[in-house]
There are 2 protein chains.
Amino acid sequence: MAASRVSLRYLILGLIAEDPMSGYDIRQFLGNLGWLIGSPSCGSLYPALRRLLQDGLATVDIDLRETKPPKKIYSITEAGRNALQGWIDQPTLPGSLKAFTMRLILANSLSRSRLIAHLQQRRSDVAAHQARLRGVAGALHATGDSKQHLALDYALAVARAERTWLDSTLEGLSQTGEVAGGAHRLRSTDAL
Amino acid sequence: MAASRVSLRYLILGLIAEDPMSGYDIRQFLGNLGWLIGSPSCGSLYPALRRLLQDGLATVDIDLRETKPPKKIYSITEAGRNALQGWIDQPTLPGSLKAFTMRLILANSLSRSRLIAHLQQRRSDVAAHQARLRGVAGALHATGDSKQHLALDYALAVARAERTWLDSTLEGLSQTGEVAGGAHRLRSTDAL
DNA sequence: AAGCGCATGTAAAAGGTTACATGATTAC
DNA sequence: GTAATCATGTAACCTTTTACATGCGCTT
């Protein structure tokens, strides 16, 4: 079960599968979006890239731009695509925010049905988590224990938001029956 | 800056500061609430406890219960409280969900004003993050690039929920001027 | 000329996860 | 009696972080 251990490896693989990128590009990208999963530092990123090369899952093209420092553009190989698919296909262990968000970032590599299955799995996980949190909250309330009230309240708020998002996203996915891109008409809840 | 490195150490310290607990208790507790921060495994928990003992930040009392296996109840020492306070006082680096959630769990060890400052800091971080995400979303939209639409949408939904929660919690805190416990009259947004 | 953004990397150290290991009690 | 829960721990392995290191080009 090296599912979560080797996460960065497959996250990178998924990113270069969608668009060939350099290590620097990957850092930029994850720096913007990596709030939930934490963006990797050089010390983990570059070794990971080299391992992908060694394992034949990726190739490099060096882009020598006259004036600027050269870039190493990494692309995925056929073997890489297979490995990536294999990783994506294995079901996510419940409860890991990180694992879920990663699959979401790699949503383009998922088939429509797998994406839906993944979201449904998450919805059920979140529901279970909500139930557990409410149980804990009830127990604490019963003993008059107000410790961790804030943390519980916060966790519940996040869980509720996630569930709302999952519901509306799944609804959107089931409506857009045939749309090619898959994620076109999703209602982007964009208040504020 | 060993702020995030030694996180588990201080999380444990904060938990036993509020209530003396055994290693097993800590795992139970974090298993319920640890969705956002990930609950530690035995392999990290017990060594961490021993290090706390070695460093004089905690003490043990062995609870020999006739019929059940003995429990080692850990309590915080004076030195431990100082160390914990020192850790809590140092400002959180922006953008780390984990760091924030931990402080939230340890909210009882924070003074009221520090708690408020911490929440305000987080609110500003979240706002900055929202702005960045919208920037990325706009850029992708401009290039007709629908990749990562889902991930962005999800991240925005979570950020929005967090901000709403922060706003209402801060409002609650500013209203309950003198309440001793600090977290009594907080409106627990408990729909669904 | 100094500093920042680009772009890549390395080495040491710390930390965590996995898996193994133990042993008693309670419930089926 | 056999499984599950309670309760603690160890050791190998792997990742990741931190910090250091380099070098070019552009801007002030």
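Keep in mind that this is a model prediction, so the values were computed, not measured.
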Integer-rounded Å distance: [N] [atom2] and [X] [atom1]:
{"X": "A/Leu11", "N": "D/dT16", "atom1": "CG", "atom2": "P", "answer": "10 Å"}
{"X": "A/Tyr46", "N": "D/dT16", "atom1": "OH", "atom2": "C1'", "answer": "16 Å"}
{"X": "B/Ile12", "N": "D/dT8", "atom1": "CD1", "atom2": "P", "answer": "12 Å"}
{"X": "B/Asp25", "N": "D/dC6", "atom1": "CG", "atom2": "P", "answer": "10 Å"}
{"X": "A/Lys68", "N": "D/dT27", "atom1": "NZ", "atom2": "C1'", "answer": "13 Å"}
{"X": "B/Gln28", "N": "D/dT5", "atom1": "CD", "atom2": "C1'", "answer": "9 Å"}
{"X": "B/Arg9", "N": "C/dA14", "atom1": "CZ", "atom2": "P", "answer": "12 Å"}
{"X": "B/Arg27", "N": "D/dC6", "atom1": "CZ", "atom2": "C1'", "answer": "11 Å"}

- [ ] Could you check if a side-chain atom of A/Leu57 sits within less than 4.5 angstrom of a side-chain atom of A/Tyr74, using non-hydrogen atoms only?
- [x] no
Measuring to OP1 and OP2 of [N], would you say a side-chain N or O of [X] lies under 4.0 angstrom away?
{"X": "A/Ser41", "N": "D/dT18", "value": "no"}
{"X": "A/Tyr24", "N": "C/dC6", "value": "yes"}
{"X": "A/Ser44", "N": "D/dT17", "value": "yes"}
{"X": "A/Lys72", "N": "C/dG9", "value": "yes"}
{"X": "A/Lys71", "N": "C/dA7", "value": "yes"}
{"X": "B/Ser7", "N": "C/dG15", "value": "no"}

Task: By salt bridge (charged side-chain N to carboxylate O under 4.0 Å, His left out) - contacts of A/Asp145 (at least two apart) - done: none
Open item on the list: By nearest heavy atom, map B/Arg65 and A/Ala48 onto DNA chain D; which one lands nearer the 5' end?
Closed with: B/Arg65
Task: Touch class at under 4.0 angstrom, heavy-atom based, for A/Gly43 against every strand present - done: base
- [ ] Classify the angle between the aromatic ring planes of A/Trp87 and A/Tyr10 as parallel (below 30°), tilted (30 to 60°) or perpendicular (above 60°).
- [x] parallel
Open item on the list: Using 30° and 60° as the class boundaries, would you call the ring planes of B/His129 and A/Trp35 parallel, tilted or perpendicular?
Closed with: tilted
Task: Sequence neighbours excluded, every pair satisfying salt bridge (charged side-chain N to carboxylate O under 4.0 Å, His left out) that has a member inside residues 16-43 of chain B - done: B/Asp25-B/Lys71
TODO: For A/Pro47 and for B/Pro69, find the nucleotide of DNA chain C with the closest heavy atom, then tell me which residue's nucleotide is more 5'.
DONE: A/Pro47
